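Structure record follows, encoded as structure tokens.
Not measured: the values here are computed from a predicted model.
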Amino acid sequence: MPVSAVGFDLDYTLAVPTRDRETILSEAVSETGAPPLSREAYLRAHQQHLTGETRTPIFETLLDDHDTSVDPEHVATAYRERITDAVVPVSGVEAMLAGLRTTYRIGVLTNGPVLAQESKLDKLGWNDHFDVALVTGALDAGKPDGRSFKALLEALGTPADETVYVGDSVKHDIAGAHEAGLVPVQVLGPESDDPDPRAIAHIHRDELSVRLPELLADL
């Protein structure tokens, strides 16, 4: 199978936070005087708002269930600033991306509001690491919707069956890429889903920078 391009998820695939997100959410809530919000509730609300400019609609949804006058925008800003400050690259991936770009078109397709995800890319200094960088907040739909993967393919200019997609989430990355005809590779970490048979390979995140180039060379 010829491979023309490689697409990547961002969070928990190429980059990870130095502190757990439940703690970061708790800190943002405490700073802004918002009522306690669970990570589980946040993830449900996030899934409802994969397109948009900021996380404000997410926190509007969360705070609607509470009797509070706290401004959702303030909570969204506090959370974004903490997440952005905590994000770091997975070991070795920057050199890996540079190496892969000598052979393949390289793109990132990440779920989330535009400001949140672009802030991470800015902090990481990765704006020039990809041929294509797509945030679903600027698209018609988020992963696993096929429209998001179609947007990635159109931006890369490659056919689905020649495009590998690398991500950690079975629901958003592996299932979505598989249904869209891309070739999925699943990244595994301590917080990851179980290995999914739709992925052509399963790579532990701390081995990604070594094993992915080897896998691609063998396809």
Side-chain angles (χ1 to χ4, degrees), residues 7-63 70-98 106-139 142-143 148 151-152 166-169 172-173 187 189-192 205-206 208-209:
F8 291 92
D9 171 50
L10 178 61
D11 295 298
Y12 296 102
T13 297
L14 295 176
V16 292
T18 55
R19 297 181 295 136
D20 70 271
R21 293 199 178 200
E22 187 170 357
T23 297
I24 294 172
L25 176 61
S26 177
E27 291 173 352
V29 163
S30 177
E31 177 191 329
T32 57
L37 302 172
S38 72
R39 174 71 175 160
E40 292 75 16
Y42 173 85
L43 290 174
R44 289 194 298 270
H46 185 277
Q47 186 60 31
Q48 299 171 26
H49 301 284
L50 294 178
T51 60
E53 186 67 24
T54 73
R55 287 192 180 96
T56 299
I58 297 172
F59 285 98
E60 287 175 347
T61 297
L62 290 169
L63 295 177
V70 172
D71 186 345
E73 183 177 356
H74 291 167
V75 189
T77 299
Y79 184 66
R80 173 177 54 79
E81 289 175 348
R82 280 166 174 73
I83 288 287
T84 301
D85 182 65
V87 71
V88 295
V90 170
S91 178
V93 300
E94 293 172 309
M96 177 194 72
L97 292 171
I106 301 297
V108 63
L109 172 65
T110 175
N111 267 355
V114 174
L115 184 58
Q117 299 307 89
E118 288 189 348
S119 293
K120 294 174 188 174
L121 292 172
D122 287 342
K123 193 259 185 176
L124 292 164
W126 284 2
N127 289 310
D128 296 326
H129 278 48
F130 305 98
D131 298 296
V132 171
L134 298 181
V135 177
T136 63
L139 304 177
K143 298 179 295 183
S148 63
L152 176 65
V166 184
D168 67 299
S169 169
H172 299 120
D173 300 319
V187 173
E191 72 294 311
S192 297
R205 191 165 58 222
D206 59 1
L208 182 65
S209 64

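Using a 4.5 Å cut-off on side-chain heavy atoms (C-beta onward), Glu94 and Trp126 make contact. Looking at His49 and Glu60, their side chains never come closer than 4.5 Å, going by heavy atoms from C-beta outward. Contact annotation: the side chain of Leu124 never approaches that of Leu14 to less than 4.5 Å [non-hydrogen atoms, C-beta and beyond].
Aromatic ring pairs are classed by plane angle as parallel below 30°, tilted from 30° to 60° and perpendicular above 60°; the pair Phe59 and Tyr79 is perpendicular.
Rounded to the nearest 0.5 angstrom, Gln117 CD and Arg80 CZ are separated by 11.5 Å. The CE atom of Met96 lies 4.5 Å from the CG atom of Leu208; values are rounded to the nearest 0.5 Å. Here Glu191 contributes atom CD and Arg21 contributes atom CZ; the two are 9.5 Å apart, rounded to the nearest 0.5 Å. Once rounded to the nearest 0.5 Å, the distance linking OG1 of Thr84 with CG of Leu121 reads 10.0 Å. Leu115 contributes atom CG, which lies 8.5 Å from atom CZ of Arg55 (distance to the nearest 0.5 angstrom).
In terms of heavy-atom proximity, Thr13 sits nearest to Val90 at O-CG2, 3.6 Å. Nearest heavy-atom pair across Ile24 and Ala86 is CD1-CB, 4.0 Å. Of all non-hydrogen atoms in Leu50 and Lys143, the two that sit nearest each other are CD1-O, 3.5 Å. Minimum heavy-atom separation, Leu139 to Thr51: O-CG2, 3.4 Å. Scanning all heavy atoms of the two residues, the minimum distance from Pro17 to Tyr12 falls at CG-OH, 3.5 Å. Residues Lys123 and Asp85 approach most closely at NZ-O, 3.3 Å, considering heavy atoms.
Checked by atom type, the side-chain pair Gln47/Asn111 shows no donor-acceptor distance below 3.5 Å.
Between the side chain of Thr56 and the main chain of Pro72, no donor-acceptor pair closer than 3.5 Å is present. Side-chain atoms of Asp173 come within 3.5 Å of backbone N or O of Asp168 as a donor-acceptor pair. The backbone N or O of Ile106 lies less than 3.5 Å from a partner atom in the side chain of Asp131, making a donor-acceptor pair. With hydrogens and angles disregarded, no donor-acceptor distance shorter than 3.5 Å links the side chain of Thr110 to the backbone of Asp9. Side-chain atoms of Ser26 do not come within 3.5 Å of backbone N or O of Glu22 as any donor-acceptor pair.
With sequence neighbours left out, the salt bridge (Lys or Arg N to Asp or Glu O under 4.0 Å) criterion links Arg39 to no other residue.
In the displayed structure, Asp128 atom CG is contacted under 6.0 Å by at most 12 heavy atoms of other residues, nucleotides or ligands.
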